**Student:** 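I have a structure here, written as structure tokens, and I will follow up with some questions on it.
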Amino acid sequence: MANNTPHAIRGTQDIFGADAEAFAFVVETFEHMRKLYRFRRAEMPVFEKTEVFARSIGETTDVVSKEMYSFEDRGGESLTLRPEFTAGIARAYLTNGWQQHAPLKLVTHGPLFRYERPQKGRYRQFHQIDAEIIGAAEPQADVELLAMADQLLKELGVADGVTLQLNTLGDADSREAWRSALVGYFRDVQGELSEDSQERLEKNPLRILDSKDPRDRKFVADAPQIDDFLSGEAQDFFGAVIGGLDAAGVAYERNKALVRGLDYYRHTAFEFVTDRLGAQGTVLGGGRYDGLMESLGGPATPAVGWAAGIERLAMLVGERSEAELEVAVVAENTEREGEAARLVSIYRNAGVVAELFATGSPRKRFDRAMKVNPAAVVSLDIRDGEKREAIKHIRENARVADIFAAFVTHE
RNA sequence: GCGAUCGUAGCUCAGUUGGUUAGAGCGCCGGUUUGUGGUACCGGAGGUCGGGGGUUCAAGACCCCUCGAUCGCCCCA
């Protein structure tokens with residue numbers, strides 16, 4: 001290992017081979033799904049003014065200061081590499097007059113950046129697919145989004161062992177009432193909670209509900225539940241989502257401890273969770289964020305969306321092989337390299353996956369062709385001063401044989 | 001920010017309670033086989049064992065520091 005070669009940044013990765021194929025499969029399947037559901041593509045900048053994300057995430061949390069990749073540009077303006085898609089999409093929606101398209105069904109995908117300690121399924125530069133419906137207040141929007149997510153996981157072949165966990169956070173009033181009831185409840189047993197949760201009580205009490213510490217867990221079971229604080233409208237909304245999921249045949253599990261830390265989340269919250277990815281079990285997550293547009297200075301705009309980590313999905317997808325080589329064309333004699341190149345080109349123009357073996361020792365070219373497991377090997381050689389052509393079929397392929405036959409007769 | 005585990009050829013890994021010239025497979029390079037077969041056989045190159053310090057007659061192995069990776073905690077927009 002040359003020790004003066006620059007190394008990759010911690011938490012970044014070079015994706016190659018079977019992993020890269022799995023990654024591409026996830027993106028291709030997602031593209032297929034979004035066309036099926038008629039979501040439109042959008043591409044957003046990878047960086048924005050820091051305030052776009054700071055306002056979306058809440059300037060008080062230390063997420064902003066500690067976990068974002070922020071820097072000053074030459075004009076002294078603070079910019080940040082996007083840590084999520086939603087804030088940038090919301091900004092684009094407001095600044096480009098996309099209100100005229102409401103309700104707008106949008107997807108995007110690409111890299112995101114968070115300054116975190118890498119671990120299984122968590123990287124500093126990672127990639128997500130993302131789907132949003134903006135300007136739709138109806139529960140049908142939540143259902144459509146969930147149905148698309150559910151079908152995507154099935155098409156990817158990863159639905160086994162993945163369950164959809166569903167919850168409601170209610171409207172703004174329900175949410176606030178629940179929150180203060182939780183604070184009151186946990187304050188009474190504060191001394192018996194874990195150190196982490198004692199701190200959560202001040203900063204983010206909802207998070208105590210999904211604490212892993214056994215000292216917290218025994219109190220969580222009897223904690224106040226959102227259902228007791230839901231307004232009539234909030235109950236109706238959640239009921240409509242559940243009814244829609246049943247109608248669409250989407251299976252789910254109620255998880256009353258599933259929460260979102262930020263205030264602008266309302267009503268539906270959901271996560272598709274697996275136990276096959278270690279501590280990072282959430283494969284796809286999202287919810288309704290009716291309050292976000294206003295915190296970015298826009299008009300009240302209902303919206304719902306989800307995002308999923310491409311790397312995590314790719315891990316579940318497992319090994320994906322590269323496209324099969326249909327024909328390997330071998331120039332076993334230097335003088336036949338030109339013809340071999342021409343034949344490869346004929347194959348490729350006809351849509352046949354072909355590769356040329358015409359470098360290195362002529363004696364070893366046939367062997368090297370065999371090693372890449374082609375469906376057929378075509379050999380062009382000169383034996384005793386005479387041209388010879390041969391085709392060896394490992395797996396039958398009529399097009400390969402026909403093109404070879406035509407090529408030989410025209411020599 | 002905290003903790004645990006791990007760093008040996010390009011890659012995947014062996015390497016005994018510390019013992020003399022550090023190994024294998026794959027890959028790479030060279031050679032042999034004039035063959036409708038040959039993904040074979042033979043050979044070669046490639047490593048100051050992550051880096052630095054220490055213990056010892058002797059360290060890839062033991063101790064300390066450091067860097068990196070992995071997994072977990074925190075956090076999770």
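We use all heavy atoms of the structure for the numbers below, so side chains are in, but hydrogens, waters and symmetry mates are not. Quick note on labels: first sequence line is chain A, next is B, and so on, each numbered from 1. In this text, all values refer to a predicted model and were calculated from it rather than measured experimentally.
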**Student:** If we ignore angles and hydrogens, is there a donor and acceptor under 3.5 Å between the side chains of A:H267 and A:R175?
**Tutor:**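 Side chains of A:H267 and A:R175: no pair found under 3.5 Å.
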
**Student:** Counting side-chain heavy atoms from CB outward, which of B:rC76, B:rU34, B:rC75 is closest to A:R363?
**Tutor:**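 Nucleotide nearest to A:R363's side chain: B:rU34.
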
**Student:** Got a sec, which residues hit side-chain hydrogen bond (donor to acceptor under 3.5 Å, both in side chains) with A:N333, two or more places apart in sequence or on another chain?
**Tutor:**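 By the side-chain hydrogen bond (donor to acceptor under 3.5 Å, both in side chains) rule, A:N333 matches no residue at all.
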
**Student:** Mind checking A:S379 for me? I need base, sugar-phosphate or nothing, with any heavy atom below 4.0 Å counting as a touch.
**Tutor:**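 Base: the residue A:S379, judged by heavy atoms under 4.0 Å, touches a nucleobase.
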
**Student:** Going by heavy atoms closer than 4.0 Å, what residues in residues 113-136 of chain A are next to RNA chain B?
**Tutor:**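 Residues of residues 113-136 of chain A that come under 4.0 Å of RNA chain B are, in numerical order, A:R114, A:E116, A:R117, A:Q119, A:K120, A:R122.
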
**Student:** Return the nearest nucleotide to the side chain of A:D367; candidates are B:rC73, B:rG31, B:rA40.
**Tutor:**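 Of the options given, the side chain of A:D367 lies nearest B:rA40.
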
**Student:** Going by the rule side-chain hydrogen bond (donor to acceptor under 3.5 Å, both in side chains), which residues pair with A:N204 if we only count those two or more places apart in sequence or in a different chain?
**Tutor:**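 Once residues adjacent in sequence are excluded, A:N204 has no partner under the side-chain hydrogen bond (donor to acceptor under 3.5 Å, both in side chains) criterion.
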
**Student:** In residues 273-290 of chain A, which ones come under 4.0 Å of RNA chain B, going by heavy atoms?
**Tutor:**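 Within this stretch, A:G278, A:A279 sit under 4.0 Å of the strand.
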
**Student:** Per the atom types in the model, does the base of B:rG27 pair as donor or acceptor with the side chain of A:K371 at under 3.5 Å?
**Tutor:**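 Flag unset: no donor-acceptor pair detected.
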
**Student:** Can you list every stem that RNA chain B is part of, counting only runs of 3 or more consecutive Watson-Crick or G-U wobble pairs with both distances under 3.5 Å?
**Tutor:**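 Stems (3+ consecutive pairs) listed as B:1-7 with B:67-73, B:10-13 with B:23-26, B:28-32 with B:40-44, B:50-54 with B:62-66.
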
**Student:** Kindly point out which of B:rG37, B:rA77, B:rC74 is positioned nearest to the side chain of A:D196?
**Tutor:**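 Among B:rG37, B:rA77, B:rC74, the one nearest the side chain of A:D196 is B:rC74.
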
**Student:** Any side chain to side chain donor-acceptor pair (under 3.5 Å) involving residues 8-20 of chain A? Give me the pairs, sequence neighbours left out, ordered by first then second residue.
**Tutor:**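 Listed once each, the pairs are A:Q13-A:E311.
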
**Student:** Indicate, with a heavy-atom threshold strictly under 4.0 Å, whether A:R368 touches base, sugar-phosphate, or nothing.
**Tutor:**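 Touches nothing.
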
**Student:** A:R217 side chain to A:S211 main-chain N or O, any donor-acceptor pair under 3.5 Å?
**Tutor:**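 At least one qualifying donor-acceptor pair exists.
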
